[in-house]
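Notes follow the structure.
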Amino acid sequence: MRCATKQLFCLIAFCFCTLFAYAEDKQKIDSIRALLKKELAEDSIRVNRLNDIAYLLYDYPDTCLYFAETALKISRKINYQFGEAKALMEIGAAHNAKGSYNLSFKYFYESYALFEKLEYKEAMINVMNSIANSYIGNKDYDKALQSYKLCRKLSVEVKNPAGIGVASFGIANIYGEKKILDSAYLYIDEAMRLLKSEGMRYHVSVCHTLKGQFLNTEKKYDLALESMNDALKILIELNQQYGLAATYGSMGEIHYNKGDKKNALEFYLLAYNIHLKRNAYHNLQEVCVSISDIYKDLGDFENAYEFHVKYTTYKDSIFNETSRKQLLETETKFQTAKKEKELVEKNLELEKSTNEIKTKSRFLIFFALVSIVFCVLGFFLYRQYKQKIKDNHRMSVQKTIIEEKNKSITDSIRYAQYIQESILPDDDMSYQLLGESFIYFKPKDIVSGDFYWIVSSGAYTYIAAVDCTGHGVPGAFMSMVGHNALNNAVKRLSNPSTAQVLSFLQDEVAELFGHSYRSANVRDGMDLSIIRLDRKNKALQFSGANNPIYHIRNKILTEYKADKIAISAKNENATHSFTIHEFVLEKGDCFYLFSDGYADQFGGPDGKKYKYSRLKETLISYSEQPMHIQRKNIDQSFTTWKGELEQVDDVLLIGIKI
């Protein structure tokens with residue numbers, strides 16, 4: 001009994017593939033005719049009209065492509081970037097409708113980059129949402145989840161509750177597909193709350209329906225039916241027939257799973273009657289299969305046969321409807337292809353003539369060269385030619401081997417990057433634990449020697465910015481050691497102080513690398529700053545190994561020094577007691593933890609280091625801004641200072657506002 005689930009998926013796609021809904025077929029046709037009749041006095045207006053037509057022709061992807069590609073060509077000719085970005089999005093949507101997901105990704109990402117350049121975040125949200133839907137179509141749920149999370153992040157930045165709700169719905173849907181139901185419930189409840197606050201009642205009803213499917217998966221059938229009834233109340237008030245049909249089908253599936261075949265049949269028949277009025281042949285075909293199966297289970301073979309016959313009839317109707325759409329596309333494309341064919345024929349004739357001239361010229365040159373070589377240097381050149389073939393073959397083999405090795409090494413490092421990124425807290429977790437804050441993390445290479453660590457233990461939140469010696473692969477290995485040791489410190493010690501965490505980390509490194517250090521194989525270690533935040537009592541504790549922290553209050557910066565010692569396998573470090581700095585917090589206080597990568601970057605007009613003094617001035621100047629604005633300005637300052645020079649080290653800077 002999968003028909004209800006398929007209908008629900010169609011309902012979700014209809015409701016959430018974008019923040020706007022498509023028009024019905026008759027409305028589309030009327031809109032297209034009106035757009036084509038208008039006089040187009042300006043090229044930018046023509047681009048907008050073409051994009052509007054492409055949007056309305058989404059159900060006819062080949063024709064949609066023609067209008068969108070024409071809009072793209074004109075936009076680039078007149079340098080109309082907004083029209084270009086919109087055309088790229090429509091081209092991506094057309095390829096998505098055709099199931100050509102790789103092509104759709106190419107155009108969607110080009111559109112996203114252009115909207116990002118134009119700083120049009122609302123459009124960026126729509127494009128990223130379309131990218132997420134394409135990943136779902138490609139069954140790449142992990143990348144779809146990443147895309148929905150980016151949609152959510154952008155919606156938070158522009159304070160768009162509806163966008164957050166839609167993105168949270170998409171995330172919940174993915175977690176439901178992956179059977180991670182705890183997370184699915186968390187996000188579907190958030191989506192329901194936000195969409196309800198925005199008065200988007202139809203979207204709220206779909207949230208209830210999806211939640212009912214989660215409960216159905218867990219075999220909590222009574223709760224699932226309660227959620228479906230909540231959806232029905234809204235849909236009946238709105239007279240949303242498509243939504244009602246999909247929800248009735250889902251309720252039929254739940255009753256069937258529950259073993260109540262009579263009620264299952266009743267709800268499937270309700271769904272059937274609505275689809276029949278709408279001539280929704282795809283849905284009718286699916287519902288008829290379920291109804292026929294139930295009648296068969298109940299022993300009513302006459303009705304079972306009747307609905308099986310209806311299934312066959314609607315299947316044929318779907319084929320006829322598809323043929324009608326293909327005919328409409330063919331007629332539209334014929335008129336545009338006629339002129340293109342004439343141009344292609346002329347180009348072929350010109351190309352043929354050019355190739356004949358080139359062929360004759362090459363023959364004469366070749367004949368003259370062969371004659372001279374044969375008469376004068378034939379024997380010697382022949383030997384050199386044979387040797388060159390051998391050398392080229394040997395070089396080609398060596399090049400292939402090197403390329404394969406480089407690819408293998410790069411692939412391994414890319415996978416190491418994935419592993420390293422997986423230990424870092426994601427944006428949602430960081431925001432939940434830190435509140436208003438930012439993390440500016442810019443590795444020099446694919447993997448990084450710098451890493452940040454955030455964990456909540458009891459009443460405290462621990463935050464550390466760690467700089468492992470070196471960068472790239474060696475630094476990344478050391479970062480994994482440091483991350484595990486920090487986690488062990490919080491797990492094994494009861495509410496440890498920051499000094500106790502550093503001492504534990506020192507002991508772990510000494511135990512792991514002590515023998516290698518004494519044999520002169522390992523000289524690596526870590527510089528770090530760590531704070532323990534107690535928001536309830538408005539207290540903060542800090543300890544550091546070589547790395548200080550900055551505290552800014554009312555635009556006055558105070559530097560809290562770290563102990564002049566690194567975490568390493570040196571014997572003399574084993575008994576060192578780290579200093580603890582403690583102070584009371586006030587609202588508006590800003591704290592910054594960092595590695596040395598930002599201050600050590602070469603750049604500026606003279607190619608000098610940025611230095612800590614300039615970093616202090618930069619942080620003071622930005623300290624009263626919201627944290628997400630601070631991060632944007634800090635990134636811009638770093639990029640401007642670096643210019644065309646190479647990044648010299650990994651960069652890590654964490655900001656927290658109380």
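Any value given below was found using the heavy atoms of this structure, including those in side chains, with hydrogens, waters and symmetry copies removed. Position 1 is the first residue of the sequence; numbering continues from there.
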Closest heavy-atom contact between S457 and Y462?
->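 Shortest heavy-atom contact: CB-CE1, 4.0 Å.
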Closest heavy-atom pair, S529 versus N547, reported as atoms and distance to 0.1 Å, is CB-O, 3.5 Å
For D142 and K178, run salt bridge (Lys or Arg N to Asp or Glu O under 4.0 Å): C-alpha distance rounded to whole Å, both residues' side-chain angles, the deciding distance at 0.1 Å, then the answer.
-> CA-CA 9 Å; D142 290 333; K178 295 165 77 70; 2.7 Å; yes
Between D589 and R553, is a salt bridge (Lys or Arg N to Asp or Glu O under 4.0 Å) present by the stated rule, with each step listed?
-> CA-CA 5 Å; D589 284 357; R553 178 179 292 170; 2.7 Å; yes
With a 4.5 Å limit on heavy-atom distance, are the side chains of [X] and [Y] in contact?
X: V127; Y: L88; value: no
X: V651; Y: D450; value: no
X: I136; Y: I174; value: yes
X: N133; Y: Y101; value: no
X: R152; Y: I171; value: yes
X: S147; Y: Y135; value: yes
X: I656; Y: I531; value: yes
X: E122; Y: V158; value: yes

Determine whether a donor-acceptor pair (N or O, by modelled atom type, separation under 3.5 Å) exists between the side chain of [X] and the backbone of [Y].
X: D445; Y: V447; answer: no
X: K657; Y: Q625; answer: yes
X: Q541; Y: T498; answer: yes
X: S130; Y: N126; answer: yes
X: R535; Y: L434; answer: yes
X: W453; Y: L486; answer: no
X: D534; Y: A539; answer: no
X: Q601; Y: E646; answer: yes
X: S197; Y: L194; answer: yes
X: E84; Y: S75; answer: no

Taking side chain to side chain donor-acceptor pair (under 3.5 Å) as the definition, give me every residue that meets it alongside [X], ordered by chain and number, with sequence neighbours left out.
X: K632; result: none
X: Y107; result: none
X: D189; result: K211
X: E157; result: K121

Looking at the rings of Y175 and F214, which for Trp means the six-membered one, are their centres under 6.0 Å apart?
-> no
Might you confirm whether atom NZ of K616 has over 12 heavy atoms from other residues, nucleotides or ligands at distances under 6.0 Å?
->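 Enclosed: over 12 neighbouring heavy atoms sit under 6.0 Å from NZ of K616.
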Residues that [X] engages under ring-ring contact (aromatic ring centres under 6.0 Å, His included), provided they are two or more places apart:
X: Y112; result: none
X: F638; result: Y598
X: Y80; result: none
X: Y120; result: F82, F115

Y440-D635 side chain donor-acceptor pair, cut-off 3.5 Å =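 D635 and Y440 do have a side-chain donor-acceptor pair below 3.5 Å.
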Which class fits the ring pair F105 and Y109: parallel under 30°, tilted 30 to 60°, perpendicular over 60°?
-> tilted
Classify the angle between the aromatic ring planes of F583 and F591 as parallel (below 30°), tilted (30 to 60°) or perpendicular (above 60°).
->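 The arrangement is parallel - the two ring planes meet at less than 30°.
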For [X], what residues pass the salt bridge (Lys or Arg N to Asp or Glu O under 4.0 Å) criterion, not counting sequence neighbours?
X: K106; answer: E110
X: K642; answer: none
X: K561; answer: E559
X: D140; answer: none

Exactly one of E190, K149, R193 clears side chain to side chain donor-acceptor pair (under 3.5 Å) with S168, and that residue is E190
